[in-house]
Amino acid sequence: MVGNYFEFRFKIEPLQPGSEILIAELGYLGFESFVEEEDGVTAYIPVEEYEEDLLAQVHILQSDEVEISYSKNEIEKVNWNEEWEKNFTPIVIDDRCSIRATFHPSAETEYEIVIDPKMSFGTGHHATTHLMIQHILKNDFTDKNVLDMGCGTGVLAILASMKGAHIVDAIDIDNWCYQNSLENVERNNCDNVSVEEGGAELLEGRKYHIILANINRNILLRDLPVYVASLEANGELFLSGFYEEDVSAIRKSCEELGLKYVEHLERNNWVAVKFSK
Ligand SMILES: C[S@@+](CC[C@H](N)C(=O)[O-])C[C@H]1O[C@@H](n2cnc3c(N)ncnc32)[C@H](O)[C@@H]1O
């Protein structure tokens, strides 16, 4: 990860939940790393990913309840691993699943995932990862063939494997995420997880009992027909990466493709929806 970055220093008042929501929103717009400060957040985005009107898409910047000001700087490069190590804290979800880094002490939970997140999305801190993990904990993965589309750190694929899946395919379009998932899958001894770099084009002719896809509204709407074609009869599809107000559009597309809405979980206005075939 070399090349120039824009560094944005956001001052946030009140800090919580403003900081958490801001990080979540920026993450979906291509910001790659965040450092939590005493009075706000510093966020980084590659210069080539940034467009002048990008921040107009950040809802919380328009909020009357949170006051946010920012400054912008161009910088040469950042030691991302060091930033992550400073910022990544262990997390426990529903008292059953912990996610920690190699440098954290072990937690006594039913499922313990050790990841080195580098730059990939998926430490469990983001609401959508959290919600997808809650769905995985609640559902039966025993002997299922599972796809984790947009695997990030590989965290969902790893939990699916730990929950007894037969095989898990973890796919991400981003080379950094592909490399990071490979490392994390090995670190957690998940021998039945295969990691691949690519997108929906890889799915032709494949069938899964369960598909997990935490990506974003537009990519999901575009690739849904391929996902549904890759789902076995009675299969289950879990989608996240969008807001509560997007559920109706996602649900409509899924229903047109023959799926049934089952339920959705919500956290900080983000959702994860379960459908069945
Ligand atoms: C929101 S992150 C989710 C990561 C992880 N699954 C989690 O739940 O924390 C979305 C991931 O999807 C990947 N992605 C984006 N577009 C994709 C596509 N068309 N096909 C596959 N992966 C994609 C991104 O590189 C990113 O790692």
Side-chain angles (χ1 to χ4, degrees), residues 1 23-34 45-46 49 80 84 88 91 93 97-101 111 113 115-137 146-163 165 168-185 188 190 193-204 206 208 210-227 230 237-243 246 250 265 267-268 270-274:
M1 281 280 151
I23 291 175
E25 290 205 54
L26 295 176
Y28 275 89
L29 293 174
F31 279 76
E32 290 185 348
S33 188
F34 304 96
I45 184 167
E49 298 283 315
W80 298 109
W84 267 112
F88 175 32
I91 184 168
I93 297 175
C97 176
S98 57
I99 305 171
R100 66 173 179 92
Y111 304 102
I113 302 176
I115 61 167
D116 175 5
K118 295 196 169 160
M119 289 285 297
S120 309
F121 188 108
T123 57
H125 287 83
H126 191 269
T128 59
T129 309
H130 191 113
L131 294 167
M132 290 296 271
I133 286 177
Q134 289 183 305
H135 272 305
I136 299 173
L137 289 172
V146 179
L147 167 67
D148 176 8
M149 197 64 182
C151 57
T153 54
V155 62
L156 305 181
I158 291 168
L159 183 59
S161 168
M162 289 177 172
K163 284 212 71 207
V168 185
D169 289 344
I171 298 180
D172 203 291
I173 206 150
D174 179 79
N175 179 262
W176 190 269
C177 295
Y178 162 72
Q179 299 287 350
N180 192 216
S181 289
L182 276 179
E183 285 173 26
N184 289 326
V185 161
N188 289 275
C190 294
V193 179
S194 316
V195 185
E196 292 161 273
E197 183 178 345
E201 74 287 349
L202 294 177
L203 301 183
E204 207 181 320
R206 300 193 193 182
Y208 299 95
I210 298 179
I211 298 180
L212 310 164
N214 174 11
I215 308 185
N216 69 40
R217 177 189 194 270
N218 292 343
I219 291 176
L220 292 175
L221 286 173
R222 184 195 69 197
D223 290 347
L224 264 175
V226 185
Y227 299 169
S230 304
L237 175 65
F238 296 88
L239 300 177
S240 192
F242 47 92
Y243 298 108
D246 298 320
I250 297 272
L265 307 177
R267 188 177 168 87
N268 298 337
W270 294 96
V271 290
V273 192
K274 176 179 179 180

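When a residue number appears, it is its place in the shown sequence, counting from 1. In each ligand, atom 1 is the first atom listed, and ligand 1 is the first ligand listed.
Contact annotation for Cys151 and ligand 1: only backbone heavy atoms (N, CA, C, O) come within less than 4.0 Å of the ligand. In Arg222, the part holding a heavy atom less than 4.0 Å from any atom of ligand 1 is the side chain. Contacts between Ile173 and ligand 1, counted as non-hydrogen atom pairs separated by less than 4.0 Å, involve both the backbone and the side chain.
Considering only non-hydrogen atoms, atom 16 (N) of ligand 1 lies nearest to Ile219 out of Ile219, Val226, Leu202. Nearest to atom 15 (C) of ligand 1 by heavy atom, out of Thr128, Leu131, Leu159, Ile215, is Ile215. In this comparison of Thr129, Asn175, Leu212, the heavy atom closest to atom 9 (O) of ligand 1 sits on Thr129.
For Asn184 (side chain) and Ile115 (main-chain N/O), no donor-acceptor pair under 3.5 Å exists by modelled atom type. Between the side chain of Asp246 and the backbone N or O of Tyr243, at least one donor-acceptor pair lies under 3.5 Å. Checking side-chain atoms of Ser240 against main-chain N and O of Val271 turns up a donor-acceptor pair under 3.5 Å. Judged purely by atom type and a 3.5 angstrom limit, Asp172 uses its side chain to pair as donor or acceptor with the backbone of Gly152.
Residues Ile211 and Ser230 are in side-chain contact: their nearest non-hydrogen atoms beyond the backbone lie under 4.5 Å apart. Side-chain contact between His130 and Trp270 is absent, with no heavy atoms from C-beta onward closer than 4.5 Å. With contacts defined as side-chain heavy-atom distances shorter than 4.5 Å, the pair Tyr28/Arg217 does not qualify.
Considering both main-chain and side-chain atoms, Ala200 never comes within under 3.5 Å of ligand 1 through any nitrogen or oxygen pair. Ligand 1 has no N or O atom lying under 3.5 Å from any N or O atom of Asp174, backbone or side chain. In terms of N/O distances under 3.5 Å, ligand 1 is not approached by Thr153.
Here His135 pairs with Phe238 under the ring pair (Phe, Tyr, Trp, His ring centres under 6.0 Å) rule; sequence neighbours left out.
Listed by number with element, the atoms of ligand 1 under 4.0 angstrom from any heavy atom of Gly152 are 4 (C), 27 (O). Here is the list of ligand 1 atoms found below 4.0 Å of a heavy atom in Leu156: 6 (N), 8 (O). Annotation for ligand 1: atoms under 4.0 Å from non-hydrogen atoms of Gly199 are 20 (N). Near Gly198, with a cut-off below 4.0 Å to any heavy atom, the atoms of ligand 1 are 21 (C).
More than 12 heavy atoms of other residues, nucleotides or ligands lie within 6.0 Å of CD in Glu201, so this atom counts as buried by the packing criterion.
Using a 4.0 Å heavy-atom cutoff, Cys177 is listed among the residues neighbouring ligand 1.
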